[in-house]
Peer 1: 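Have a look at this one before I ask anything.
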Amino acid sequence: MPTKRILILIALLFVISFSATFFIIKSNDHKECETVVKKELDKNGNSVTKEEHICKEKYSF
């Protein structure tokens with residue numbers, strides 16, 4: 001009987017882990033995110049382009 005309980009526990013943990021991973025992948029849509037491109041001059045006078053990813057979402061996975 002203990003092996004049956006262990007198998008059920010392992011199966012339950014697998015289902016919970018799979019569900020959590022699926023939720024994170026599907027909810028990470030980045031609809032409220034944007035990429036800002038900034039052009040600046042460095043100390044040598046060269047033009048440098050920087051890209052910055054800005055998210056307004058509370059949690060970003």
Side-chain angles (χ1 to χ4, degrees):
M1 284 297 165
T3 58
K4 188 175 183 181
R5 287 184 182 176
I6 292 173
L7 289 176
I8 291 172
L9 180 64
I10 290 172
L12 182 63
L13 289 174
F14 177 76
V15 168
I16 291 171
S17 299
F18 180 78
S19 299
T21 304
F22 184 75
F23 172 75
I24 289 171
I25 291 172
K26 283 298 186 183
S27 66
N28 192 14
D29 56 3
H30 289 273
K31 287 183 181 177
E32 297 180 15
C33 296
E34 61 182 308
T35 302
V36 177
V37 178
K38 295 180 181 179
K39 293 186 179 181
E40 299 176 351
L41 295 176
D42 64 359
K43 62 183 178 183
N44 296 329
N46 298 325
S47 179
V48 178
T49 304
K50 294 183 180 180
E51 288 187 11
E52 188 175 342
H53 187 79
I54 300 174
C55 276
K56 297 176 186 172
E57 295 174 343
K58 186 173 182 179
Y59 301 105
S60 180
F61 300 108

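Numbers for residues simply follow the sequence, beginning at 1.
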Peer 1: Give the other cluster members for L12, using side-chain heavy-atom distances under 4.5 Å between Ile, Leu, Val, Met, Phe, Trp and Tyr residues; answer none if it is isolated.
Peer 2: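 Joined to L12, directly or through intermediates: I16.
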Peer 1: Tell me, please, which residues at least two apart from K39 pass salt bridge (Lys or Arg N to Asp or Glu O under 4.0 Å).
Peer 2: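 Scan of K39 (salt bridge (Lys or Arg N to Asp or Glu O under 4.0 Å), adjacent residues dropped) gives none.
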Peer 1: Report yes or no: does N44 contribute a side-chain atom to a donor-acceptor pair with the main-chain N or O of N46 at less than 3.5 Å?
Peer 2: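 Judged by distance alone, no pair lies under 3.5 Å.
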Peer 1: Could you tell me which residues satisfy salt bridge (Lys or Arg N to Asp or Glu O under 4.0 Å) with E40, sequence neighbours excluded, listed by chain and number?
Peer 2: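 Counting only residues at least two positions away or on another chain, E40 forms a salt bridge (Lys or Arg N to Asp or Glu O under 4.0 Å) with K50.
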